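Comments concern the structure below.
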Amino acid sequence: MTQAEQSAADIPKAYDPASVEQRLYKFWTDGGFFAPKVDPSKEPFTIIMPPPNVTGELHLGHALVATLEDIMTRWHRMKGDPTLWLPGADHAGIATQMVVERSLAEEGLTRQGLGREKFLERVWQWVELYGHTIDEQQKRLGASCDWSRRRFTLDEGPSRAVRTTFANLFDKGLIYRGERIINWCPRCSTALSDLEVQHVEEQSFLYHIRYPLEEGVGHVTVATTRPETLLGDTGVAVNPDDERYSHLSGKRVLLPVLDRPLPVVGDDAVDPEFGTGALKITPGHDPVDFEVGQRHGLPIITAMNLDGTMNAEAGPYEGMDRFACREAILRDLEEDSLLEAIEPYAHSIGRCDRCSVVVEPLVSKQWFVSVDSLAKPAMDVVLDGRIKIIPDRFARVYLNWMENIRDWCISRQLWWGHRIPAWYCLDCAGDSIQVLFPESLAAEGLAGGTYRALSEKGLSWADMEAKSSHIFVELDASPIVGVEPPAACPACGGSDLVQDPDVLDTWFSSALWPHSTLGWPDDDDDLRYFHPTTVMETGYDILFFWVARMIMMGLANTGDIPFRYVYLHGLIRDEHGAKMSKTRGNVTDPIDALEEYGTDALRFTLVTGNTPGNDMRISAGKLGASRNFVNKVWNAARYALTIIDESPALQGWQSPSTEHRQDRWIVSRLNRVASRIQRHMEEFQFGEAQREVHDFFWNELCDWYIEMAKLRLRAGEEPSPLPVLVHVLEKSLRLMHPFIPFVTEEIWQSLKERLPEADGLPESIMVAPYPVPDDAALDQDTEEEIDLVTEIVRAIRNVRAEFKIPPSQPLQAVVELSASMAALEQEAPAIRSLARAEPLLFQAEGAPRPPADKTASAVLRGATVLIPLEGLVDTDKERGRLEQELQECLQNLERLSQRLSNTEFTGKAPAEVVERERGRLEGMEERRDRIQELLAQLE
RNA sequence: GGGCGAUUAGCUCAGUUGGUUAGAGCGCUUGCUUUACACGCAAGAGGCCAGAGGUUCGAGUCCUCUAUCGCCCACCA
């Protein structure tokens, strides 16, 4: 049986996502709906997806990205904008290299053992194997991105963009090599940028160490948290205004243990209040000391190897691990009575973002991006509003960071990534290329040295590259930088050229992503049409890592902003607000969640109560509530489909006539909600938009309209509510589709099969136009009328519940309609049936009433409901209740009349607000009169 | 040391140009096999919107201060 032949009666009672989702996703991709329909006359909508790590697994953060971006994408596509959502993946240098190294370790292999080339082969194999898991998982989330345009950061296009950018910036002097103090991770064995260091406050100690004066009498005491670095000390600094130390000016002290004489210098960087007021200067291992050292011309001594062990400069400590060395030095200082004090001390320690090993600041030759000239224009575009950050408070965070930005260390001593497009001539620079070998090769007689020296010993460059642990190039060597490898050395014409061994920071390629994915540096059609992109949607945690750098590099490369809006979402936490982590065991796997609750429910949950920039919590309770809503939609549709099968009287459903008040009402409400949704969508308030459609669908369409329509259908009334029901349902499906794409498409297809082909519906709801609110359909009076109907019904139900009268028992009700609501007598069937009021009588105000002492009553705006309850009404209680209502009413009256008699209010408040208050006052007065009337009858 | 966010019903959260008697979901209480849905229907309880000042005709919403929690940035050795 095909789906078309399936009768509505056979539709399952509960929505079954598993039987729907993968089939529909295939239907969408087969239909080619995800690819943009380029139309030069239209402004496109473009989102470039933040590329997940190529070896990653989908987590809820990705699911949130996919959901929010899919909502925007589907909405714009339905609005008719040429819409491109471009997916991709990031090679994620350090992260991926670490994962692969870990897996090699299980085989007893190391990357050095394999050599660069073999290692990279292994990484590519890994990428082939796992590179598409996230893509497949994104598809399960319903992501409607254009897979035909998928990009990987190491693809030829983006790679050429990287090399081009590098070469351009180098030519402009904005990329340079320098010897600077950088963050070094001894475990990852690479330099890191400042952003890749996590500073965490930890309990530690401040050691007070005596440095004897060279002249033999007395000492200076310095305070340090890292005693092992004293091996690299080349000076001691005091504040020049510190009188305690003025006698030391021009003198020298002796470095403990090594007895190296050190000059005492005066420098403002020293805070006399801190510690002892004297600072040991280790330019090779501390950023502040480096600067002090530069100011005073102190030499730089690097006392550590790149693996965190001490080197020859450390003398007796050579070969020790830096922390073992710390202990050893403390012992030796103690013995020499040079350790004056140990003070418990909390301070922040920098750890590697990736592996949590304590980062060692050290002086090293690295490539840097000079950011000052890039930062200014990047600040301007945010200041002048060309780029709008949502929520806007992050604009201040961005600007503040930009103002204090420092040069960006972009070289990494890794193998996986974009290799730096710089080459060196072995003939010219042979003396400047320093090759280091791992300790393990020392036994084989392999010691480090310059290329020239090693080559004279018969080692080939290939061997050096394969076996070395690191290769550094002295600053005097001139790199040949270009997009493609140079054929010959421009200086000597030699052809023995070798490429810089380092790769670029992963974020370097990420910074180009919005234009490199669209074809830059070529003058590509996609680039011309889709760039600048519209929205960059990502987490606020990578505002600096990524967003800031995209803006700088985008402006530098294309001369244009990379995107108009930056939408920053918050982090997802567990139901107690804790960060999700494997060790805590509180991780919700999105795939598990969508299998248990359905993709639409997961997406709905991720958007419920979601506000830009705010963290959110997720829980099984929320997922369940979302699943219930999806099921509600399913069942409302199931009902509608059943009716259509029974009586397919659907003429004019696309723009049905609304002679019936109920029809007019629901269409008015639909358009009002559509208009609110439009506003929220335009303002990126997806949570609010979703809430609007949820409330409309459940509380108005299902709870009232469908219930009222049932009665008309059963009675065979004319006009039939069916065309309106179908109209509103179909429009609602479209409104909801960006949020819950699967269930809406599934229902929409079933609906479409039952509608005349001539109606010209498109193939899929995802390309059906998004409902445009029609102001002409808004009908305030009708909304007020039906509001009163529902209030009358509620009032009667309320009395029924209060007096515990079972639904089976008829309940007589008398409704006194005010003159303006007199026409509501036409709604008698609905009131009678929904409230189970039998008999239901209408009468004008002033007509004789049932005996007051045997009547429960409700005073509404526009009607009084009287319910005779022989023997059930407690007159005193009823009087008490009425008196309480009267009190509340009088209080409101008091407040309203005060407000309205206040000339400040009537003079300053907008006329419509004053008018509204006046209307309220009148309504309240009328209410007061009617309550008093009822009370009088009770006397 | 700077900056940001949160503080609203028992719980989780909305509430975006200041304008009714502050909303939702979950949970709770009561009653319902009402032929779309018990993943449901109906009725209900529950809130000095963290505290104190201020601006305003009017403040959950704007300003100042305070408290608690969380986050980010920063070269206090």
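Note that the structure is a prediction, hence the values are computed from the model and not measured.
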If the [atom1] atom of [N] is compared with that of [M], how far apart are they to the nearest Å?
N	M	atom1	value
B/C26	B/G58	C1'	35 Å
B/G60	B/C71	P	31 Å
B/C73	B/U17	P	32 Å

Checklist entry - Between atom CG in A/Asp353 and atom C1' in B/C72, what is the gap in whole Å? => result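 Result: 14 Å.
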Item to check | Value in whole Å for how far the C1' atom of B/C73 lies from CZ of A/Arg396 | outcome: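 Interatomic distance, CZ of A/Arg396 to C1' of B/C73: 14 Å.
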Give one of base, sugar-phosphate or nothing for [X], where a contact means two heavy atoms less than 4.0 Å apart.
X	answer
A/Arg916	sugar-phosphate
A/Ser619	nothing
A/His347	sugar-phosphate
A/Phe544	sugar-phosphate
A/Pro910	base
A/Met924	base
A/Arg406	base
A/Tyr345	sugar-phosphate
A/Arg920	base
A/Glu688	sugar-phosphate

Item to check | Residues in side chain to side chain donor-acceptor pair (under 3.5 Å) contact with A/His285, at least two apart in sequence or another chain | outcome: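 Expected list: none.
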Next on the checklist: Is it the case that the side chains of A/Gln898 and A/Glu894 hold a donor-acceptor pair, with the cut-off being a distance below 3.5 Å and no angle test?
Outcome noted: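 Yes.
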Checklist entry - Taking atom types as modelled and ignoring hydrogens, do the side chains of A/Asn635 and A/Arg638 form a donor-acceptor contact shorter than 3.5 angstrom? => result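 Their side chains do contain a donor-acceptor pair, which is all the 3.5 Å distance test asks for.
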Could you list the protein-to-nucleotides 40-47 of chain B atom pairs, N/O on both sides, closer than 3.5 Å?
{"from": "B/G40", "atom 1": "OP1", "to": "A/Asn628", "atom 2": "ND2", "distance (Å)": "3.1"}
{"from": "B/G40", "atom 1": "O3'", "to": "A/Lys632", "atom 2": "NZ", "distance (Å)": "3.1"}
{"from": "B/C41", "atom 1": "OP1", "to": "A/Lys632", "atom 2": "NZ", "distance (Å)": "2.7"}
{"from": "B/C41", "atom 1": "OP1", "to": "A/Trp698", "atom 2": "NE1", "distance (Å)": "2.6"}
{"from": "B/A42", "atom 1": "O3'", "to": "A/Arg797", "atom 2": "NH1", "distance (Å)": "3.4"}
{"from": "B/G44", "atom 1": "OP1", "to": "A/Asn798", "atom 2": "ND2", "distance (Å)": "2.8"}

Item to check | For RNA chain B, the residues among residues 279-288 of chain A that have a non-hydrogen atom under 4.0 Å from it | outcome: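 By residue number: A/Leu279, A/Val288.
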Checklist entry - What are the residues of residues 598-609 of chain A, sorted by number, that bring a heavy atom to within less than 4.0 Å of RNA chain B? => result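 Heavy-atom cutoff 4.0 Å gives A/Gly609.
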Next on the checklist: Students often mix this up, so state it plainly: with edges at 30° and 60°, are the rings of A/Phe629 and A/Trp698 parallel, tilted or perpendicular?
Outcome noted: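 Geometry flag for A/Trp698 against A/Phe629: parallel rings.
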Checklist entry - In terms of side-chain geometry, is the basic nitrogen of A/Arg881 or A/Glu885 positioned less than 4.0 Å from the acidic oxygen of its partner? => result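 A salt bridge is present here (some side-chain N lies under 4.0 Å from a carboxylate O).
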Next on the checklist: Quiz question: going by heavy-atom distance under 3.5 Å, is there a donor-acceptor pair between the base of B/A36 and the side chain of A/Glu707?
Outcome noted: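 Pair found.
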Next on the checklist: Taking atom types as they are modelled, would you say the side chain of A/Gln685 forms a donor-acceptor pair with the base of B/U16 within the 3.5 Å cutoff?
Outcome noted: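 Looking at the base of B/U16, it does pair with a donor or acceptor on the side chain of A/Gln685 (distance under 3.5 Å).
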Answer yes or no: does a side-chain N or O of [X] lie under 4.0 Å from OP1 or OP2 of [N]?
X	N	result
A/Lys13	B/C37	yes
A/Ser626	B/G25	no
A/Asn614	B/A14	yes

Checklist entry - Quick check: are there more than 12 heavy atoms from other residues, nucleotides or ligands sitting under 6.0 Å from CZ of A/Arg832? => result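 It does: A/Arg832 CZ has more than 12 such atoms within range.
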Next on the checklist: I'd like to know whether CD of A/Glu912 has more than 12 heavy-atom contacts from other residues, nucleotides or ligands below 6.0 angstrom.
Outcome noted: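 Counting neighbours around CD of A/Glu912, 12 or fewer heavy atoms of other residues, nucleotides or ligands fall under 6.0 Å, so no.
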Item to check | RNA chain B: stems of at least 3 consecutive Watson-Crick or G-U pairs whose donor-acceptor distances fall under 3.5 Å | outcome: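 So far as stems of 3 or more pairs are concerned, RNA chain B shows B:1-7 with B:67-73, B:10-13 with B:23-26, B:28-32 with B:40-44, B:50-54 with B:62-66.
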Next on the checklist: Nearest 0.5 Å, please: how far is CG in A/Leu893 from CD in A/Gln887?
Outcome noted: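 It is 11.0 Å, given to the nearest 0.5 Å.
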Show the atom names and distances, to 0.1 Å, of all donor-acceptor pairs under 3.5 Å that link a side chain in residues 678-688 of chain A to residues at least two apart or in another chain.
{"from": "A/His680", "atom 1": "ND1", "to": "A/Arg676", "atom 2": "O", "distance (Å)": "3.2"}
{"from": "A/Glu688", "atom 1": "OE1", "to": "A/Arg691", "atom 2": "NH2", "distance (Å)": "3.0"}
{"from": "A/Glu688", "atom 1": "OE2", "to": "A/Arg691", "atom 2": "NE", "distance (Å)": "3.3"}

